[in-house]
Colleague: 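So that we are looking at the same thing, I have put the structure below in structure tokens.
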Amino acid sequence: VTRYRDEPRASPGTEVPPALLLGDSVLERVSDHDTDKTTLGEMIRAGLGLRCLSLTAPAYSPVHYAAYARVLRALPTRPRLVIAPVNIRCLSPQWDALPRYRRLNHLAALRRFLADPDGPVPELPENLEGAEEAALRAQARATPVFSPITGKTTLGALEDIRDSAPSAQPDRQERARQIVAYHYGLPFAPDHPCLTALGEMVRVLRDGGVRVLLYATPVNGDFAEILGGPEMREIIAGKVAATRDAVARAAPDDAGAAFLDLHDICRAEHFLHRGYMVEHMDQHGRRAVADAVATGASGLLQDR
């Protein structure tokens, strides 16, 4: 709001940031073993070669991106291009249901702005706590889930496994299998909130003349296949395809909206934790993603 409303009002004719980069913790994390500590977000911004505003937070998902798109629609000036990752972990009930991942206070601040687009920039309220947070967390933890790896279980049971630290190797291996299923292998509905939000984000931005570049976050498919077999790699690819299709439905035959499938461009050695299912990458993985995103963005940033 400051960059696209207040600064242009204070200095008419001032160029606003031509690009806006949204993202989750993948854009923020680096490895202790990296010699290059440049974050992925910083790499992408440098590769664009122009001013770029970056807004990231752990577990940000298309639900948050769609909220930012609605804010942009209400502002007098906008970027030429919005870039955002689609991390398929957003299709897991972990991010979708548990309040600690949902960033509800961020969404509340954005809604507060939309209620008064000419008013002061709203401050970020405190996150949920106390009885309200406990009730939402208990409700989410009771959610039943199923997959061939997890069997019939609950979201809370999988969270407990994720937070455990077994010492025996067989137990550590089984914990890893459960986590890969938890993060990537659980079924999802065709009208999942993140898929719906992804379509809304694209439509809102394109209706406002903003070009959109979305890319699938790399996933450690090598390790996922070791734990869950070839079927797990197929499940991951299927979830990426669902996000790509949501974009295509929102902007059919639209040259101003693009989707890059980068989910399998990194090998196991490109991730921070080779034996753990997170999407954070080392410097080589980050560089590969940044180069691909910068290349994809260059065409969308050209004047048409």
Side-chain angles (χ1 to χ4, degrees), residues 24-26 29 58-63 85-102 137-195 216-246 261-281 285:
D24 56 32
S25 62
V26 177
R29 300 289 187 267
Y60 259 10
S61 76
V63 171
V86 183
N87 188 334
I88 62 165
R89 237 170 104 191
C90 73
L91 298 178
S92 166
Q94 181 189 46
W95 283 16
D96 183 46
L98 288 163
R100 70 189 264 196
Y101 298 100
R102 291 170 65 187
R137 177 161 44 87
Q139 180 182 14
R141 284 179 59 87
T143 303
V145 297
F146 171 82
S147 80
I149 290 177
T150 64
K152 291 183 179 180
T153 186
T154 64
L155 186 58
L158 291 176
E159 272 290 288
D160 291 342
I161 291 172
R162 182 180 180 275
D163 293 339
S164 67
S167 56
Q169 173 57 27
D171 295 335
R172 292 200 300 270
Q173 187 78 356
E174 179 56 26
R175 171 180 175 271
R177 288 183 70 248
Q178 296 290 319
I179 292 173
V180 71
Y182 182 25
H183 287 182
Y184 309 124
L186 297 179
F188 65 99
D191 60 349
H192 189 283
C194 282
L195 296 179
T217 299
V219 174
N220 192 344
D222 295 340
F223 190 53
E225 184 168 353
I226 290 172
L227 294 170
E231 297 82 4
M232 185 57 65
R233 197 183 285 273
E234 293 172 4
I235 289 170
I236 290 171
K239 290 191 172 185
V240 173
T243 63
R244 182 190 62 231
D245 292 346
D261 184 357
L262 307 182
H263 87 275
D264 61 353
I265 70 167
C266 294
R267 303 278 63 84
E269 62 269 19
H270 295 144
F271 292 88
L272 266 62
H273 306 284
R274 290 153 180 78
Y276 187 57
M277 296 312 302
V278 292
E279 304 80 27
H280 304 151
M281 293 166 283

Colleague: With sequence neighbours excluded, what pairs up with S147 under the side chain to side chain donor-acceptor pair (under 3.5 Å) test?
Modeller: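 So S147 forms a side chain to side chain donor-acceptor pair (under 3.5 Å) with T150.
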Colleague: How far apart are the closest heavy atoms of R162 and R175, and which atoms are they?
Modeller: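 Closest approach of R162 to R175: O-NH2, 2.8 Å.
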Colleague: Looking only at non-hydrogen atoms, find the nearest pair between G285 and C266 and report the distance.
Modeller: CA-SG, 3.8 Å
Colleague: If every non-hydrogen atom of C194 is compared with every non-hydrogen atom of P62, which pair is closest and at what distance?
Modeller: O-CB, 3.4 Å
Colleague: Please find the pair of heavy atoms, one from S92 and one from Y182, that lie closest to each other, and give the distance.
Modeller: OG-O, 2.8 Å
Colleague: Within this structure, what is the CG-CD1 distance for the pair L91 and I235, rounded to the nearest 0.5 Å?
Modeller: 12.5 Å
Colleague: In sequence, state the C-alpha distance, the side-chain angles, and the governing distance for V278 and R89, and then conclude on side chain to side chain contact (heavy atoms under 4.5 Å, CB included).
Modeller: CA-CA 9 Å; V278 292; R89 237 170 104 191; 4.3 Å; yes
Colleague: Mind listing the closest non-hydrogen atom pair of P93 and L155 along with its distance?
Modeller: O-CD2, 3.8 Å
Colleague: Taking only Lys NZ, Arg NE, NH1 and NH2, and the carboxylate oxygens of Asp or Glu, determine whether E159 and R137 approach each other closer than 4.0 Å.
Modeller: no
Colleague: Can you list every pair that meets side chain to side chain donor-acceptor pair (under 3.5 Å) and has a residue in residues 235-246, with sequence neighbours left out?
Modeller: none
Colleague: With a 4.5 Å limit on heavy-atom distance, are the side chains of P144 and K152 in contact?
Modeller: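 Sidechains of K152 and P144: no contact.
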Colleague: Indicate yes or no for a side-chain donor-acceptor contact from D171 to the backbone of P166 under 3.5 Å, with no hydrogens or angles considered.
Modeller: no
Colleague: With a 4.0 Å cut-off, would you call D264 and R233 a salt bridge?
Modeller: no
Colleague: When rounded to the nearest 0.5 angstrom, what distance separates NE2 in H263 from CG in N87?
Modeller: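 With rounding to 0.5 Å, NE2 (H263) is 12.5 Å from CG (N87).
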Colleague: Can you tell me how far the CD1 atom of I149 sits from the OH atom of Y184, to the nearest 0.5 Å?
Modeller: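 Separation between the atoms: 13.0 Å.
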Colleague: Walk me through whether H270 and I265 qualify under side chain to side chain contact (heavy atoms under 4.5 Å, CB included).
Modeller: CA-CA 10 Å; H270 295 144; I265 70 167; over 6 Å; no
Colleague: Against I236, only a single residue in N220, V180, I88 fulfils side chain to side chain contact (heavy atoms under 4.5 Å, CB included); can you say which?
Modeller: I88
Colleague: Is there a side-chain contact between Q94 and L186 (heavy atoms, below 4.5 Å)?
Modeller: no
Colleague: Going by atom types only, do R172 and Q169 share a side-chain donor-acceptor pair under 3.5 Å?
Modeller: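 Yes, Q169 and R172 have a side-chain donor paired with an acceptor closer than 3.5 Å.
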Colleague: As an exercise, state the distance from CG of L158 to OG1 of T153, rounded to the nearest 0.5 Å.
Modeller: 5.0 Å
Colleague: Considering all heavy atoms of both residues, which atom of P218 and which atom of M281 are nearest to each other, and what is their separation?
Modeller: CG-SD, 3.8 Å
Colleague: CG of D24 to OH of Y101: how many Å apart, nearest 0.5 Å?
Modeller: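 Nearest 0.5 Å value for the CG-OH distance: 12.5 Å.
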Colleague: Report the distance from atom CG of D96 to atom CZ of R102, rounding to the nearest 0.5 Å.
Modeller: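 Reported value, rounded in 0.5 Å steps: 7.0 Å.
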